[in-house]
Amino acid sequence: MRVRFAPSPTGHLHVGNARTALFNWLLAHGKDGTFVLRIEDTDTERSTRESEAGILEDLRWLGLEWDEGPDVGGLHGPYRQSERVHLYASYANELIAGGHAYYCFCSPGKLEDDRKGDLAAGRPPKYHGTCRDLPAEETRARMASGERPVIRFRVPEQVEVSFQDLVRGDVSFSSDVIGDPVLVRSDGRPAYNFAVVIDDALMEITHVIRGEDHISNTPRQVLLYQALGFTPPEFAHLSLVMGPDHTPLSKRHGATSVAEFRERGYLPEALLNYLALIGWSPGGGEELLPIQELARRFALEDVGHSAGIFDQEKLGWMNRHYMKEAPPARLAGEAVRYFLKRGYLRRHTDEAMQFLISVLPMAVGSVDRLEEIPDRLRFLFEFDPARSLAREDVAGVLHEPGAREVIAALPGALAATARLDRESFRAAAASVRQQTGQKGRALFHPIRVALTGEAGGPELDQAVPAIDRGAELSAGGELVPIATCRERAAAFAAAVADR
RNA sequence: GUCCCCAUCGUCCAGAGGCCCAGGACGUGGCCCUUUCAAGGCCAAAACGCGGGUUCGAAUCCCGCUGGGGACGCCA
């Protein structure tokens, strides 16, 4: 079995295409097949090397490695259509010689007029066949005079073209609704429908798995396979991924490219796992599965027929799950850039990373994306009593019975210790409890507010030692300056006393 | 307009004639846990688009309608 993913390098890798790539990958890896990556860059105006590099990078980030492709080579290369142009000409000539194709001199302007006329008259827009039966002498003469024709495929009339779609079953079209497609452009470059057929045949692709938007191209391609004497591959057309409003997923709906999801702090395994679940189910009521297991269970026959809506919420849930599973060191490596971007981290050193690793568990599990982690840990790096008190949830704590007493007593209780660890913090809390008679929520809520400036957040047992550890580290300039718990308690008490 | 594809909770899926007064997951609501906010645990509400057939029996098969999507390029 040989499958392929054939993106055109005209932009970022869209999640919908990533899903197509994934399904190809799953099939190949579940059945010991070969996954080929081919770059469809015959549209030289829009294709760029930058997007090609970006797409390769995104696929690799996702872990969808290919067995053959433009950068890794293979026995069926080259893997860029722009490097295969020499291959197409002979097949085009063969088709012309066999009467399956012909030269067409119609100008783009005329074609456009024809199309508009058809639409206006309520007819299906379809090539009029103007040049279908041009006498050979005329063709020769016009070419000799410098006209540059395209080569069109002669679609046979009144035949039923049908194929077995592995996900949809029998699909058939009448050849009468198919206009003669352009095979070779006037400048000699092949057009899509021609290049895919030649390449898939030459690369010995056995299963073409692609988006449903290609289903109406399939009959033309089947006809081409027949005219060229090739055996058509198996086809499978995947339903499309839509936005919440049932329109094609686009920037209006938020992130659409794999690169954006990476930037926003999604883990590749989460995105992959989520994408696999649109239009397919691994069965057994299980959803959170590693890609190898997905591949083991994957079958085209089980792929759904209807379009799926991209659900950011579920992706977020899934990402949260995978963040919890990831080892802290890996997570720190992935998250460090968000801390740098935020300015919390000033230098990417081993000490800073160690600190990150120790502090990350407090945030993971309560956020959906890596990008949200610094904000969840904001209390470590930012402390401003006046600003905190301006917030309703923080100010509200002052109204809790005994809260002001606790806040006032805190600086004294903290004076004894230079750097708080879990034990000394508990001792300090116990001391405040003794002085004020407050306990439980009435004790810890005010303490939290005084030390973190926030009404919510991770367990104080972890948060408090982390603050002082961070303060120590920040003295070395690796982190943004962090106030110690003692400093915070004093400043907060002063700010509260003023009110 | 023409052709093609599709149709189960708000969303993603399970369901391949009786196991279904439809099951799971996300989300939503409630409760619990709790040193707060999250997280987590438990419970609940929530769907077979409509109309005809076929059959003893239909979410499952057939037809029509409606609705959604795709295609109709010297784009892929």
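In what follows, chains are A, B, ... by sequence order, proteins preceding strands, each numbered from 1. All values below come from the heavy atoms of this structure, side chains included, with hydrogens, waters and symmetry mates left out.
Heavy atoms of A/L277 sit under 4.0 angstrom from primed sugar atoms or phosphate atoms, though from no base atom. Nucleic acid contact for A/S172: sugar-phosphate only, since backbone atoms but no base atoms lie under 4.0 Å from a heavy atom of the residue. Note on A/D176: nothing from the nucleic acid sits closer than 4.0 angstrom, heavy atoms only. Here A/D118 lies out of heavy-atom contact (under 4.0 Å) with every strand. Looking at heavy-atom distances under 4.0 Å, A/Y192 makes contact with a base. A/G456 comes within 4.0 angstrom of a base, heavy atoms only. Using a 4.0 Å heavy-atom criterion, one finds that A/H237 contacts no nucleic acid atom at all. Nucleic acid contact for A/G211: none, since no nucleic acid atom lies under 4.0 Å from a heavy atom of the residue. Heavy atoms of A/P181 sit nowhere under 4.0 angstrom from any nucleic acid atom. Using a 4.0 Å heavy-atom distance criterion, A/V150 is classed as a base contact. Among the heavy atoms of the strands lying under 4.0 Å from A/G365 are primed sugar atoms or P, OP1, OP2 only; no base atom is included. In this structure, A/M318 reaches neither bases nor backbone, as no heavy-atom distance under 4.0 Å exists between it and the strands shown.
For the residue pair A/H237 and A/T218, a side-chain donor N or O sits within less than 3.5 Å of a side-chain acceptor on the partner. Side-chain N/O atoms of A/S51 and A/T48 include a donor and acceptor closer than 3.5 Å.
Of all nucleotides listed (B/A7, B/G1, B/G40), B/A7 comes nearest to the side chain of A/H305. In this structure, the nucleotide among B/U36, B/G1, B/C13 sitting nearest to the side chain of A/E459 is B/U36. Closest approach to the A/S306 side chain among B/A7, B/U11, B/G27 is made by B/A7 (side chain taken as heavy atoms from C-beta onward). With B/A76, B/G68, B/C3 as the choices, the nucleotide that has an atom nearest any side-chain atom of A/E40 turns out to be B/A76. Among B/C74, B/C26, B/G27, the nucleotide with an atom closest to any side-chain atom of A/R320 is B/G27. With B/C12, B/A14, B/A76 as the choices, the nucleotide that has an atom nearest any side-chain atom of A/S281 turns out to be B/A14. Comparing B/U2, B/A76, B/C4 by their nearest atom to the side chain of A/V171 picks out B/C4. Of the listed nucleotides (B/A25, B/G69, B/C74), B/G69 has the atom at the smallest distance from the side chain of A/E212. Here the side chain of A/W317 is nearest to one of B/U2, B/U11, B/C26, namely B/C26. Checking B/C3, B/U36, B/C5 against the side-chain heavy atoms of A/R441 singles out B/U36 as nearest.
For B/U55 and B/C72, the P atoms lie 44 Å apart once the distance is rounded to whole Å. Taking atom C1' on both B/G27 and B/A44, the two are 14 Å apart, rounded to the nearest angstrom. The same atom, C1', is picked in B/A47 and in B/A22; the two are 9 Å apart, to the nearest Å. Rounded to whole Å, the C1' atom of B/G23 lies 8 Å from the corresponding atom of B/G15. A distance of about 23 Å separates the P atoms of B/G29 and B/C48, rounded to the whole Å. Across B/C13 and B/C9, the matching C1' atoms stand 11 Å from one another, rounded to whole Å. Nucleotides B/C65 and B/G24 have their P atoms positioned 37 Å apart, rounded to a whole Å. With C1' as the reference atom, B/G17 and B/C56 are 12 Å apart, rounded to whole Å.
Nucleotide B/U2 forms a Watson-Crick or G-U wobble pair with B/A71, both donor-acceptor distances falling under 3.5 Å. The base-pairing partner of B/G17, taking Watson-Crick or G-U wobble contacts with both distances under 3.5 Å, does not exist among the strands shown. Across every strand in view, B/C33 sits unpaired, with no contact that passes the Watson-Crick or G-U test at under 3.5 angstrom. Within the shown strands, B/G49 is the pairing partner of B/C65 under the Watson-Crick or G-U definition, both distances less than 3.5 Å.
Aromatic ring centres of A/H214 and A/Y192 lie closer together than 6.0 Å. Remark: aromatic rings of A/W66 and A/F5 are distant, center separation not under 6.0 Å. For A/F310 and A/Y274, the gap between ring centers is short of 6.0 Å. Between A/F153 and A/F194, the gap from one ring centroid to the other reaches at least 6.0 Å.
Rounded to whole Å, atom P of B/C74 lies 17 Å from atom CD of A/Q81. Note: CG (A/L360) to C1' (B/A39) measures 15 Å, nearest angstrom. Look at CD1 on A/I215: it is 17 Å from C1' on B/U2, rounded to the nearest Å. As rounded to whole Å, 16 Å separates atom C1' of B/C3 from atom CG of A/D213. For the pair A/L271 CG and B/C12 C1', the computed distance is 15 Å after rounding to whole Å. Atom CZ of A/R46 is separated from atom P of B/G73 by 15 Å (rounded to the nearest Å). What separates CG of A/L249 from P of B/U11 is a distance of 16 Å, to the nearest Å. One interatomic measurement links the two molecules: CG of A/L288 to P of B/G24, which rounds to 16 Å at whole-angstrom precision.
Each of A/V367 and A/S107 was assigned the nucleotide of RNA chain B with the nearest heavy atom; the assignment lying further toward the 5' end belongs to A/V367. Comparing A/L240 and A/E45 by the nucleotide of RNA chain B that holds the closest heavy atom to each, the one mapping nearer the 5' end is A/L240.
Note on A/R152: a side-chain N or O is less than 4.0 Å away from OP1 or OP2 of B/C74. A close approach under 4.0 Å does occur between a side-chain nitrogen or oxygen of A/K324 and OP1 or OP2 of B/G40. Between A/T42 and B/A76, a side-chain N or O to OP1/OP2 separation shorter than 4.0 Å is present.
Remark: the A/S216 side chain and the B/C72 base include no donor-acceptor N/O pair separated by less than 3.5 Å. At a cut-off of 3.5 angstrom, the base of B/U36 holds at least one donor-acceptor pair with the side chain of A/R448. Side-chain N/O atoms of A/N217 and base N/O atoms of B/A76 include a donor-acceptor pair closer than 3.5 Å. Taking 3.5 Å as the limit, the base of B/G24 and the side chain of A/E287 contain a donor-acceptor pair of atoms between them.
Within the 4.5 Å cutoff, side-chain heavy atoms of A/L95 are placed close to those of A/L224.
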side-chain hydrogen bond (donor to acceptor under 3.5 Å, both in side chains) assessment of A/S424 paired with A/D421: CA-CA 5 Å; A/S424 48; A/D421 56 20; 2.7 Å; yes

Intermediate values then yes/no, side chain to side chain contact (heavy atoms under 4.5 Å, CB included), A/L22 and A/I291: CA-CA 9 Å; A/L22 170 62; A/I291 190 168; 3.9 Å; yes

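A/F492 and A/F383 have tilted rings, their planes meeting at an angle from 30° to 60° on a 0 to 90° scale.
You can call A/F444 stacked on the base of B/U35; the centres are under 5.5 Å apart and the planes sit within 30°.
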